[in-house]
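A note on names: the letters A, B, ... follow the listed sequences, proteins ahead of strands, and every chain is numbered from 1.
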Number of protein chains: 2
Amino acid sequence: MAEVAAKAGVSSQTVSRVANNHDNVDETTRAKVLAAMQELGYRPNAAARALVTGRFGAIGVVSFDVGAHGNARTLGAVADAAREAGFSINFMGIRAQTEAAVRQAFRHLMLQSVDGIVLVESQMLDTPSLHLPPTMPVVVADGDTGHAYPNVDFDQARGAQSVVAHLLDLGHRTVYHVSGPHDSFAARRRAEAWERTLVAAGAPVRPVLYGDWTAESGYLAGRTLAQVRDATAIFAANDQMALGVLRAMHEAGRSVPGDVSVAGFDDVPEAPFFEPPLTTVHQDFDVVGRHCVTLLLEQIERRSNGPRRLAVEPTLVVRASTAPPPAH
Amino acid sequence: MAEVAAKAGVSSQTVSRVANNHDNVDETTRAKVLAAMQELGYRPNAAARALVTGRFGAIGVVSFDVGAHGNARTLGAVADAAREAGFSINFMGIRAQTEAAVRQAFRHLMLQSVDGIVLVESQMLDTPSLHLPPTMPVVVADGDTGHAYPNVDFDQARGAQSVVAHLLDLGHRTVYHVSGPHDSFAARRRAEAWERTLVAAGAPVRPVLYGDWTAESGYLAGRTLAQVRDATAIFAANDQMALGVLRAMHEAGRSVPGDVSVAGFDDVPEAPFFEPPLTTVHQDFDVVGRHCVTLLLEQIERRSNGPRRLAVEPTLVVRASTAPPPAH
DNA sequence: ACACGTAATGTTTTCGTAAACACGATGTAG
DNA sequence: CTACATCGTGTTTACGAAAACATTACGTGT
């Protein structure tokens, strides 16, 4: 910076002003400085800048398993929104959904110095024990809605309700449910909405089968359900598990949707190409990512706090995997 | 830090030594400092530390479309390996695979100050024009192997060769190919290996169909191929496109693998649950991620340069989507 | 007993930048 | 024509930590 200042014949403070796009610099001076910067290949030092401003221009994202489609999409969307706002993303993946892992991730982010944190798909975290300084802005995506932090999520209940209602409307007596893991808030809310909808419609509630979001777990659940006589409609809590169910039905010689209707949740890009194309619930991850960043920036800039919770509406997409039950 | 020093009755320098785990500190002193730190909730300031050390403890990852399974997995693996090495990840997603976008991402990372950069799935980049300072360590994953930067990648040629050989061995006269986009290095190498293998076996080389990695593009290619009489074996450059091909075959009433054999590439976790379960090439992304970080750290620490290129061996996984051609 | 190495700690300086403050030149209102 | 705001710019200082260097208190070999 000193070199640039010397070359341009100005003080380093003027260089700083140009670098930060302040408007109280004469145009000719600005041009000279810019030229000098260009010539010397000057790059501002983020560390020094952060040291003096106390802002880092970075937001941390803590996410579990980016191999999962939804998490990856959320991450991508948050990153896009952050970049547009001039922030970079400090990503921490956590392998195990344990308190220790999350706490370590948070500690690491604190050290790395971020201006705020987005927590994606947190499961059953005892939030108070995370030891985050109260000044650290946090937004939770796809997690517990019960605690103090602002929350952005899909309206899981609405989505699940629309699927179940769709299946009941087709004439199925009841709908079986393959749920996500016990400790997932999203899974729990989908399961609750499933049950509520059945009860409201006067349909019998069958026991829930639990998976872990993978196609394999869906397949195992599907093998069980293929043996169940009145399982003519199955709602899997995500598309991967639905795919596993489809596979199990094929192997058992049960036709979808002739004998059994199957629906998923997420609408992964591949869902229209499953055999048969999958009826599912579409979620717009970009909107969620954008909302997360918006809420976080509000906190960072200590602006008036907007809505503490944002629910994004999912939409039911009916494809070929659901149909009326077989006439027996 | 000064407060901690005062509280512990030592100099700030000693606090610094304790914070950095230097060994030339008396145990009793260390304990006092640690207690003071704990009590005051002291957190070292990363910006100040980076300013004086010149190291940031962060590596940048530039990746295209984390919605794609392979990219997301690579990111996750790099993040894991980086965390283990004490580095955090500064993630930059780029929407468009244009030079401008990549250059902007790099510039942003330079400003954010990272110690090195991992570039994932770069396509056709004119690397010299990226304007990276020559001192910035870079590793390219899944990209061009021709330029100056160290490269980590799967042995795409070997993988593609094994698939094509497998299909020819089954008795197919030739193998059709649904390729990834023109500007993808990975796609190009798979296509080249496909052609080489056919030529070496004396099999006729049919025109390539191009997709864009999506299931939809595979579906469109599949619709075309379903009309082609001698298309009894199809090698899609990834599993999503293979899924699209499967779908197209089902719709056209062609049985897989009875009439047509289909193989993919990647071995996504869902591949075993496709209809039928997909023969494909398995890739271990964790190994790639780990290698990327290793190579990058070697550069960062200016240790002796290890191998400039690392190729990870993929393995063929034969499932139910490939079989001998129909006897006609 | 002396020179000298070593362990533990303190003192000073440095990193690159932006904020706070100061200053002169110009414009403008009374 | 003076008082006082405004604009463009320069000067000084602070940010928080670690590196470089200095110092003290002990050995230990000769």
Interatomic distance where [atom1] belongs to [X] and [atom2] belongs to [N] [whole Å]:
| X | N | atom1 | atom2 | answer |
| --- | --- | --- | --- | --- |
| A/His22 | C/dT17 | NE2 | C1' | 12 Å |
| A/Leu40 | C/dG16 | CG | P | 14 Å |
| B/Arg17 | C/dA7 | CZ | P | 13 Å |
| B/Asn21 | D/dA18 | CG | P | 11 Å |
| B/Lys32 | C/dT9 | NZ | P | 8 Å |
| B/Arg55 | D/dA18 | CZ | C1' | 14 Å |
| B/Met37 | D/dA17 | CE | C1' | 11 Å |
| B/Glu3 | D/dG16 | CD | C1' | 12 Å |

Hey, is the side chain of [X] pairing donor to acceptor with the base of [N] inside 3.5 Å?
| X | N | result |
| --- | --- | --- |
| A/Arg30 | D/dG8 | no |
| B/Gln13 | D/dA17 | no |
| B/Arg43 | D/dG16 | no |

Report yes if a side-chain nitrogen or oxygen of [X] is closer than 4.0 Å to either non-bridging phosphate oxygen (OP1 or OP2) of [N]; otherwise report no.
| X | N | value |
| --- | --- | --- |
| B/Ser16 | D/dA19 | no |
| B/Ser12 | D/dA17 | no |
| B/Asn20 | D/dA18 | yes |

Measure from the side-chain heavy atoms of [X] and tell me the nearest of [options].
| X | options | value |
| --- | --- | --- |
| A/Thr29 | D/dA20, C/dT9, D/dG8 | D/dG8 |
| A/Leu51 | D/dT11, D/dG16, D/dA18 | D/dG16 |
| B/Met1 | D/dG10, C/dT17, D/dA18 | D/dA18 |
| A/Val52 | D/dA17, D/dC15, D/dA19 | D/dC15 |
| A/Asn45 | C/dG16, D/dG10, C/dG10 | C/dG16 |
| A/Ala48 | C/dT9, C/dT17, D/dT9 | C/dT17 |
| B/Asn24 | C/dT17, C/dA8, D/dT9 | C/dA8 |
| B/Thr14 | D/dA17, C/dG16, C/dG10 | C/dG10 |
| A/Ser11 | D/dA18, D/dG10, C/dT17 | D/dG10 |

Would the distance check show the side chain of A/Asp26 and the main-chain N or O of A/Thr28 forming a donor-acceptor pair, the cut-off being under 3.5 Å?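 Side chain of A/Asp26 to backbone of A/Thr28, a donor-acceptor pair under 3.5 Å: yes, one is there.
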Look only at the side chain of B/Arg17 and the backbone of B/Val25, and say whether a donor-acceptor pair between them is shorter than 3.5 Å.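 No, B/Arg17 side chain to B/Val25 backbone: no donor-acceptor pair under 3.5 Å.
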Report yes if the side chains of [X] and [Y] come closer than 4.5 Å at any heavy-atom pair, otherwise no.
| X | Y | value |
| --- | --- | --- |
| A/Leu75 | A/Val120 | no |
| A/Lys7 | A/Leu40 | yes |
| B/Ile89 | B/Val78 | yes |
| B/Phe87 | B/Arg55 | yes |

Would you classify A/Val15 as touching base, sugar-phosphate or nothing, given that sugar-phosphate means primed atoms plus P, OP1 and OP2, and contacts are heavy atoms under 4.0 Å?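 No contact at all - A/Val15 keeps every heavy atom at 4.0 Å or more from the nucleic acid.
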With nearest nucleotide decided by heavy atoms, which residue, B/Tyr42 or A/Thr28, maps closer to the 5′ end of DNA chain D?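 It is A/Thr28 whose nearest nucleotide is closer to the 5' end.
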